[in-house]
Protein chains: 2
Amino acid sequence: MARLSRERVLEAAVALADEAGLDGLSMRRLATELGVVPMALYKHVANKDELLDGIIDTVVGEIDLGPVEGDWKPAVRARILTAREQLLRHPWASSAIESRRNPTPAVMTYMNSIIGLFRRGGFSVNLAHHAIHSLGSRILGFSQELFDDMAADPETQEAAAHAMKDTFPWLAELALQVAHDEKSIVGSGCDDQFEFEFALDLLLDGFERIHQSARSGPQPR
Amino acid sequence: MARLSRERVLEAAVALADEAGLDGLSMRRLATELGVVPMALYKHVANKDELLDGIIDTVVGEIDLGPVEGDWKPAVRARILTAREQLLRHPWASSAIESRRNPTPAVMTYMNSIIGLFRRGGFSVNLAHHAIHSLGSRILGFSQELFDDMAADPETQEAAAHAMKDTFPWLAELALQVAHDEKSIVGSGCDDQFEFEFALDLLLDGFERIHQSARSGPQPR
DNA sequence: ACCATAGGTGTACGGCGTACACTCGTCAAG
DNA sequence: CTTGACGAGTGTACGCCGTACACCTATGGT
């Protein structure tokens with residue numbers, strides 16, 4: 001067994017989180033996985049919090065930040081969709097990032113690059129600021145959904161929808177239509193990718209409109 | 001000491017979470033607070049998960065869903081801002097809701113009411129669906145921010161911004177301007193309420209535009 | 001040849017959620 | 001009035017968790 005190192009620890013932690021989820025990632029289990037006693041890990045990470053920051057930094061750091069051509073809009077869009085692609089490979093990443101209070105260096109690098117795209121596109125500092133806030137976690141390619149359970153097969157889903165027709169009529173109506181659409185087209189649940197791009201474009205269009213009206217009239221806010 | 005009951009347990013749990021945070025809310029501590037042995041709680045809630053669902057349901061259930069007058073837009077806006085007001089009273093609520101996989105009944109009731117506002121405003125089922133997804137957690141009045149640390153006093157903040165001018169130039173520029181604005185106007189950090197309403201209005205405006213163009217042209221999606 | 005140091009170990013503590021077997025007070029049926 | 005079932009609260013115990021602290025040991029610079 002090779003020597004331990006921060007890299008080896010983080011790498012193994014990412015792998016473990018991938019297969020066991022965030023809950024399954026414990027210092028003790030990670031140590032076992034590395035063939036080492038739990039306390040050995042503490043020579044390479046300060047504590048579990050720092051470990052989590054570390055694995056976030058690892059996966060966020062792998063987002064391709066190479067130069068993008070074209071206007072700010074397609075550029076931002078492309079970069080965010082790239083981030084999404086990367087983070088979808090690690091299902092635990094979004095919850096992990098959400099749960100942190102302070103951004104890791106890689107996250108700051110990423111944000112910095114997005115702000116740069118806005119600014120080079122002619123956004124005022126203020127508008128860029130508002131844009132960042134408006135995008136929220138969507139900036140990293142994930143959205144905070146309140147429902148995860150639209151994932152059953154259309155039949156079950158349809159049955160559930162019927163069951164709540166009395167209590168939640170509007171919700172039921174919506175669920176029924178979704179179930180119907182899915183049955184006639186493709187796999188289970190809502191089309192998350194479509195919904196993500198829909199919301200993203202809505203926001204980007206909004207930014208663009210403000211940006212343009214600011215170019216002619218006086219500055220916003 | 002009065003007898004225990006689900007209500008008393010949930011009430012105490014909300015209070016404990018309010019003052020000790022989500023991490024400080026443990027079955028054992030909650031039991032102590034109620035002057036009872038830990039296992040006694042299990043006669044009233046199935047397990048900790050159900051307890052969390054319970055307190056979420058409690059606070060979300062307290063959001064005022066009374067009838068709102070006027071167009072869908074001010075109506076939705078008002079309802080969401082009411083929800084925000086309520087959830088801001090319980091700082092743990094947003095993280096708790098985010099962490100759940102399935103919505104509690106009160107959340108479904110709330111979502112149902114919002115969908116109702118859209119539908120009565122003439123939205124197609126599809127548009128209402130996209131709108132719900134686009135709002136994401138903002139529908140309940142909170143947004144997933146990647147930065148919480150803009151909360152220090154402007155001086156510290158400004159110093160930090162200067163320190164990262166080399167590594168994250170765009171981020172630093174933004175932070176500097178924020179720090180400057182704050183110094184000349186009001187208390188610390190970004191104006192979260194302003195940013196929230198800014199993003200909310202951006203989304204609602206977007207919905208409106210799609211809604212209107214759908215009224216004339218063929219249906220969207 | 002020496003010894004400081006860094007990496008890995010072993011033991012232990014206090015906390016967590018909760019399974020399971022129990023006691024005991026209340027209240028309805030006989 | 002007796003009885004017995006039942007539901008609320010108890011006590012003990014198990015297996016996890018993160019991590020403090022003292023320890024050993026191999027390595028590499030002097």
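The basis for the numbers below is simple: all heavy atoms, side chains too, and nothing from hydrogens, waters or symmetry mates. Lettering of chains follows the sequences in order, A, B, ..., and the numbering in each one begins at 1. Note that the structure is predicted; figures quoted are calculated from it, not measured.
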A:Met108 side, atom CE; A:Asn102 side, atom CG - distance, nearest 0.5 Å: 9.0 Å
How long is the straight-line distance from OG1 of B:Thr109 back to CD1 of B:Ile63, given to the nearest 0.5 Å? 10.5 Å
Whole angstrom is fine here: how far is it from [atom1] in [X] over to [atom2] in [N]?
X       : N      : atom1 : atom2 : answer
B:Leu30 : C:dG15 : CG    : C1'   : 16 Å
B:Tyr42 : C:dG17 : OH    : P     : 6 Å
B:Asn47 : C:dC16 : CG    : P     : 17 Å
A:Arg3  : C:dG7  : CZ    : C1'   : 6 Å
B:Lys48 : C:dT18 : NZ    : P     : 8 Å

Can you give me the first and the last nucleotide of DNA chain D (5' to 3') that has an atom within less than 4.0 angstrom of a non-hydrogen atom in chain A? D:dC17 to D:dC21
Taking for each residue the nucleotide of DNA chain D with the nearest heavy atom, is it A:Ala46 or B:Val37 whose nucleotide lies nearer the 5' end? B:Val37
Could you tell me if the side chain of A:Arg119 sits less than 4.5 Å from the side chain of A:Ile115, heavy atoms only? yes
OP1 or OP2 of C:dA6 versus the side-chain N and O atoms of A:Lys43: is any pair under 4.0 Å? no
Please determine whether a side-chain nitrogen or oxygen atom of A:His44 lies at a distance below 4.0 Å from atom OP1 or OP2 of C:dG8. yes
Which of parallel (below 30°), tilted (30 to 60°) and perpendicular (above 60°) describes A:Trp72 and A:Phe123? perpendicular
Between B:Phe142 and B:Arg84, is there a cation-pi geometry (under 6.0 Å to ring centre, at most 45° from the normal)? no
Do A:His130 and A:Phe207 have ring centres separated by under 6.0 Å? no
Tell me whether A:Glu11 at atom CD has more than 12 heavy atoms from other residues, nucleotides or ligands lying less than 6.0 Å away. no
Residue whose closest nucleotide on DNA chain C lies nearer the 5' end, A:Val36 versus A:Arg28: A:Val36
Hey, can you pull the residues of residues 10-26 of chain A with a non-hydrogen atom under 4.0 angstrom from DNA chain D? A:Ser26
We want to know whether B:Glu98 and A:Gln144 form a side-chain donor-acceptor pair, criterion being a heavy-atom distance below 3.5 angstrom. no
Any luck finding a side-chain donor-acceptor pair between A:Gln193 and A:Glu197 under 3.5 Å? yes
Of all the choices, C:dG17, C:dG7, C:dT9, which nucleotide is nearest to the side chain of B:Met27 once you look at every atom? C:dG17
